[in-house]
Amino acid sequence: ISGPLKATFLRAYMNWRCMSAGSSRVCVRMVGHKMEESYSETLKEQMSIVEMPLSDPPLCISCCPVNGDLLVGCKNKLVMFCLKYLVINQNLTVLDFERSLILHIDNLIPAEVAFCARHIAITTELDVLILKLEVVQQSADRTEQCAHRVNEGPSTHTLQLELDEFIVCQKPVELLGEESKLCEIPITLESTELLTEDTKRFQVRYLRFTPDQSPFGFCEETKLHSVQLLPVYQTGSVTAHEETENKKELLSLFCFFSLPHVGYLYSVGKLVELISTYQYSEKSEQAVLTPQFLHVITSENLQCFTVRCSAAAARDEDPYIDTTVKACPPVALDVCTLRMQLFIGPRAICHFRNHIILLTKADMEDITERRKPTRRMLSRKADSIKSRTNSESEPGWNLYIINTVSTVQLYREMVDYSRTYENVKTESCIHLLSEAHLLVRAAIMDPCFLTSDEKEELLRAFRESCAFLGDCYSRFDTKDYHLALPYYRMSGLSMTEVLKRLVSEGDEMQTYEKGFVFYLTHSLNEDLNEELSKESANKVLQIFYLADPVQLPHILCSPCMRNVCPVTAVKYLQKVEKIMPSVVLTLTKAFMALKMGDLTMYELEMDSYKETILACGFIGQPKLLRQRKEGMVLPTEFAVHLKEMQPGLLVAATVALHENSKIELEEADTFFKLLCSNSGNAIPQLLVDFWEALLVVCSQEEILQELLLRVTSQYVWRISKQQLPETKPLKTTEDLINSCNHFGLIFPWVTSIMSVGSPSDKDYGDDISKLQSLLCSQSIDIASALPVLEPLTEAGNVGLTIHVLCNTRLGKYEEAIDQLLKRCPDAAVLYAQHELKDDNRVVWWNKLLPELCKRTRLTGNDCPGLISSLKEALSVVAMELELKDFLSLLPEDGTAAFFLPHLLHCSQRKLLT
């Protein structure tokens with residue numbers, strides 16, 4: 001793309017490769033011109049020149065690397081051309097442009113512009129203005145909130161942002177957000193594209209930078225140059241789109257601009273942040289930024305600096321960066337100069353893939369003469385050089401194409417060089433390896449990475465660089481020693497491989513730094529599938545005894561240390577115990593004694609503390625009882641032994657683990673099922689014991705209701721299936737009533753009903769009484785429990801008690817009385833005396849007494865239980881009602897001698913009152 005001198009149009013050269021290949025055919029057309037079918041087929045084999053008319057001569061130009069849109073800088077305005085794909089036919093698609101937006105900027109003559117992803121960077125002689133075009137809603141309310149809108153005609157609209165006065169400061173100033181409006185540059189947006197449903201409305205946000213002018217004053221030494229916007233894409237985000245373009249997902253955006261002696265790199269994507277500042281050894285002429293390097297030319301040198309774009313972009317891409325899972329060198333890491341090459345009279349520089357194109361001019365008069373900064377154009381034509389006149393005939397012009405070293409080769413050189421610092425253990429080694437790591441990371445984030453020939457080499461280099469950094473943070477005494485863990489994780493090395501890298505064979509006096517111990521501690525405390533060999537496990541034991549003895553009990557419980565020698569482990573533990581005794585250490589010694597088969601030593605250790613203290617000791621190291629493998633909870637040999645010898649301690653310890661969030665409820669279920677070799681839905685008694693013990697201490701309502709339903713379901717299943725537990729329950733009903741609020745005292749009327757039950761009920765009396773005790777409490781949600789209780793509805797007296805208890809909890813007293821009168825009338829009055837109190841006393845005379853009279857009339861003297869219940873009911877009602885009301889309840893055909901004592905009692909009570 002070029003703009004001829006003082007011309008009021010631009011030229012875009014399409015199919016430039018046809019001209020470079022020797023074809024002389026050229027098609028010239030105006031932008032937006034509709035092409036005829038007759039000559040459109042020839043466009044494939046010829047270069048096309050698209051002319052874009054402008055109202056003012058172009059001063060500078062920029063092409064968006066994301067979508068190909070153009071931005072042209074003119075006096076007091078910026079003109080945006082959108083790239084269009086014109087489908088001529090099935091076999092031909094050509095490119096065209098459409099002028100879509102004009103930004104009117106009063107009193108501003110842009111020296112350079114950069115355009116990328118709706119971000120615009122403009123440099124003037126004194127400052128940098130970065131604009132962000134944001135699409136706004138077309139509704140009137142939203143538009144008025146964002147900016148003042150003025151309609152100037154049927155095909156244009158303007159968004160006007162009023163800006164206050166800007167004061168020049170005598171030091172570097174950054175104005176972000178609302179503060180950026182404190183300047184005197186009003187900006188007006190004018191849309192020039194045809195209005196359609198897809199037409200976008202924009203508003204503008206600002207970043208303004210003014211450099212420090214105090215050392216120089218307003219002169220050549222303060223002129224800004226080389227403004228550039230650099231996009232970084234999501235890793236591996238290139239996808240085919242309509243077979244005409246590669247659509248890349250933008251991840252981060254960076255802005256670079258430079259003064260003659262210092263350069264600035266900002267992140268301007270999600271947040272605006274200064275990333276790096278570059279100090280040049282001499283006055284710079286021009287700079288070009290790439291994802292991996294910053295190339296700067298001076299009057300005599302081509303300098304190359306490292307950049308931090310990949311470090312910033314990595315944090316935008318991956319939220320796990322800077323955790324124990326992943327790491328990346330910090331954005332604030334000092335930049336360094338990689339190379340400085342001498343050239344005579346560098347004048348212009350640009351970058352393409354792995355090439356640096358350098359234009360030089362050997363001036364015999366004074367090769368150090370500083371040219372005046374002028375506008376930069378993408379064409380890099382001769383008008384960007386100090387003198388244009390007869391430049392073709394002048395001697396001394398040279399064009400260099402410098403091939404940059406491949407990423408893998410440069411990475412290897414940096415790693416080799418870092419080894420000179422390895423024995424010194426300085427931060428320089430870490431710095432150099434961090435630079436190498438960022439170099440590889442930047443190459444991996446390149447959109448061409450997935451199709452690169454170096455893909456496997458780069459991935460291998462990335463893992464290798466992580467391993468080298470892990471080595472540094474493990475070996476060196478550095479404040480960032482914790483980074484050894486994430487770097488080793490990213491390297492893909494196993495623990496055995498790391499040990500081989502860092503541990504010298506036979507060196508008993510070797511010292512171990514905090515980073516290595518930190519890595520081992522975290523790796524051993526995680527549920528890895530890797531098992532260390534006996535030699536490696538014993539070496540780890542020695543390392544921790546020397547470096548961090550307090551961790552010995554914990555690392556011995558790791559699944560990775562399964563092959564450790566228990567005799568050696570006990571020796572080390574005994575040495576540590578003399579200095580720092582603990583319950584966890586005692587339990588670990590007992591665990592090792594079990595592995596040795598020394599039951600005498602085991603019993604001696606377990607007798608050192610009370611059982612309650614031992615149960616709490618397992619909280620300090622849950623892996624003594626349970627370990628995880630492939631996401632599954634597995635019991636240890638210790639747990640198996642406790643199951644046989646001390647099941648109460650095992651249950652108490654598991655309850656303590658659950659209450660301290662060391663094991664989930666579902667994990668505990670699996671744990672006990674595996675421990676008792678129960679598969680499928682079979683529930684071992686030890687698991688029921690755990691549920692019952694957990695009910696005693698559980699305070700979370702959701703888990704409480706789940707536990708109540710589980711134990712209820714198990715009781716019901718055993719009673720209905722007449723299934724006895726395989727082991728003796730640890731707690732009886734009386735124990736649970738005394739220790740747990742969720743098991744209530746069994747009501748007298750329930751005991752009365754069960755006293756006349758069948759002999760078979762006594763075989764399952766413990767489960768029956770526990771179930772009745774649960775229902776006699778107020779804890780369980782009866783509505784949720786009804787489906788679980790359904791199998792017991794016809795189970796004799798047990799079913800009757802369950803039915804009546806449920807109806808009582810649901811407030812269905814009359815239904816409960818009907819059930820009792822039908823199946824066990826002797827318990828009806830006992831039930832009424834216990835349940836029908838306060839507001840429910842009316843049920844005595846509204847329901848119970850009439851029902852007793854009715855049923856007694858039908859059975860006569862054949863049912864003495866009914867007669868006895870009737871007398872009890874009459875006695876209670878006589879004490880509650882007035883004589884008139886009581887008399888109205890008595891049957892007209894009743895025997896006077898039977899009812900008269902109760903009438904007299906009622907009338908005497910009235911007289912006494």
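Worth knowing before you read on, the calculation uses all heavy atoms, side chains too, and leaves out hydrogens, waters and symmetry mates.
Without hydrogens or angle criteria, Thr360 side chain to Pro346 main chain gives no donor-acceptor distance under 3.5 Å. Although no hydrogens or angles enter the test, the distance criterion places a donor-acceptor pair under 3.5 Å between the side chain of Asn15 and the main chain of Gln46. No donor-acceptor pair closer than 3.5 Å links the side chain of Arg419 to the backbone N or O of Cys429. Side chain of Thr298 to main chain of Glu282: no donor-acceptor pair is present (N/O by atom type, distance under 3.5 Å, no hydrogens or angles). Judged purely by atom type and a 3.5 angstrom limit, Tyr280 has no side-chain atom pairing as donor or acceptor with the backbone of Val296. Side-chain N or O atoms of Ser226 include none that pairs as donor or acceptor with a backbone N or O of Phe257 at under 3.5 Å. Judged by distance alone, the side chain of Thr306 and the main-chain N or O of Cys336 form a donor-acceptor pair under 3.5 Å. Checking side-chain atoms of His431 against main-chain N and O of Asp334 turns up a donor-acceptor pair under 3.5 Å. A donor-acceptor pair is defined here as one N or O able to donate and one able to accept, closer than 3.5 Å; such a pair exists between the side chain of Thr124 and the backbone of Asp127. Between the side chain of Gln292 and the main chain of Leu439, a donor-acceptor pair closer than 3.5 Å is present.
Dense packing is recorded around CG of Leu399, with more than 12 heavy atoms of other residues, nucleotides or ligands lying under 6.0 Å away. The 12-atom threshold is not exceeded at CG of Asp453, counting heavy atoms of other residues, nucleotides or ligands nearer than 6.0 Å.
Closest approach of Pro110 to Cys74, counting heavy atoms only: CD-O, 3.3 Å. Closest non-hydrogen pair, Ala311 versus Leu438, comes out as CB-CD2, 3.7 Å. Cys116 approaches Cys64 most closely through the heavy-atom pair CA-SG, 3.7 Å. Leu78 approaches Gly73 most closely through the heavy-atom pair CD2-CA, 3.6 Å. In terms of heavy-atom proximity, Val262 sits nearest to Ser258 at O-OG, 3.3 Å. In plain terms, the two heavy atoms of Leu229 and Ala114 that are nearest each other are CD1-O, 3.6 Å.
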Test Glu435 against Arg308 for salt bridge (Lys or Arg N to Asp or Glu O under 4.0 Å), laying out the working first.
CA-CA 9 Å; Glu435 294 286 8; Arg308 300 287 168 261; 2.5 Å; yes
List the steps, then state whether side-chain contact (heavy atoms from CB on, under 4.5 Å) holds for Gln409 with Glu413.
CA-CA 6 Å; Gln409 181 182 341; Glu413 292 178 6; 3.5 Å; yes
Under the criterion side-chain contact (heavy atoms from CB on, under 4.5 Å), I'd like the reasoning laid out for Met414 against Tyr417: C-alpha separation, chi angles, the key distance, then a yes or no.
CA-CA 5 Å; Met414 296 172 78; Tyr417 188 64; 5.7 Å; no
Could you go through the side-chain contact (heavy atoms from CB on, under 4.5 Å) check for Ile105 and Asn76 one step at a time?
CA-CA 5 Å; Ile105 309 175; Asn76 296 334; 5.8 Å; no
Report the C-alpha distance between His355 and Ile402 in whole Å, list the side-chain angles of each, state the deciding distance to 0.1 Å, and finish with yes or no for side-chain contact (heavy atoms from CB on, under 4.5 Å).
CA-CA 6 Å; His355 306 292; Ile402 305 164; over 6 Å; no
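The CD atom of Glu457 lies 7.5 Å from the OG atom of Ser406; values are rounded to the nearest 0.5 Å. Separation of atoms CE (Met340) and CG (Asn301) is listed at 5.5 Å; rounding is to 0.5 Å. Here OG of Ser284 is found 11.0 Å from CD of Gln279. Values are rounded to the nearest 0.5 Å. Note that CG of Leu289 is 7.0 Å distant from OH of Tyr278, once rounded to the nearest 0.5 Å. Here CG of Leu358 is found 9.5 Å from CD of Gln286. Values are rounded to the nearest 0.5 Å. The distance from the CE atom of Met80 to the CZ atom of Phe115 is 5.0 Å, given to the nearest 0.5 Å.
Inter-residue side-chain proximity for Gln303 and His295 is flagged as unmet; no heavy-atom pair is nearer than 4.5 Å. Here the side chains of Phe305 and Leu338 are not in contact, with every heavy-atom distance at 4.5 Å or above. Arg315 is listed as a side-chain neighbour of Asp322, based on a closest heavy-atom distance under 4.5 Å. At a threshold of 4.5 Å between non-hydrogen side-chain atoms, the residues Leu133 and Ile120 count as touching. Leu433 has its side chain out of reach of Ile430: every pair of non-hydrogen atoms, C-beta onward, lies at least 4.5 Å apart. A heavy-atom distance below 4.5 Å is not found between the side chains of Glu112 and Ile122. A 4.5 Å side-chain heavy-atom check between Met445 and Tyr233 finds every atom pair outside the cut-off. Side chains of Ile344 and Glu300 form no contact here, defined as non-hydrogen atoms less than 4.5 Å apart.
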Side chains of residues 458-467: which donor-acceptor partners sit under 3.5 Å, not counting sequence neighbours?
unit_1	atom_1	unit_2	atom_2	d
Glu464	OE1	Tyr411	OH	2.9
Glu464	OE1	Arg412	NH1	2.4
Glu464	OE2	Arg412	NH1	3.3
Ser465	OG	His437	ND1	2.9
Ser465	OG	Ala461	O	3.4
Ser465	OG	Phe462	O	2.7

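Among Cys309, Cys328, Pro291, the single residue meeting the side chain to side chain contact (heavy atoms under 4.5 Å, CB included) criterion with Arg441 is Cys328.
Looking at residues two or more places apart in sequence or on another chain, you find a side chain to side chain contact (heavy atoms under 4.5 Å, CB included) between Asp316 and Leu251, Ser252, Lys270.
Using bins of under 30°, 30° to 60° and over 60° for the plane-to-plane angle, the ring pair Trp16/Tyr13 lands in the perpendicular bin.
Under 3.5 Å, the side chains of Tyr487 and Asp471 contain no donor-acceptor pair of N or O atoms.
In this structure, Tyr400 has its ring center under 6.0 Å from that of Phe343.
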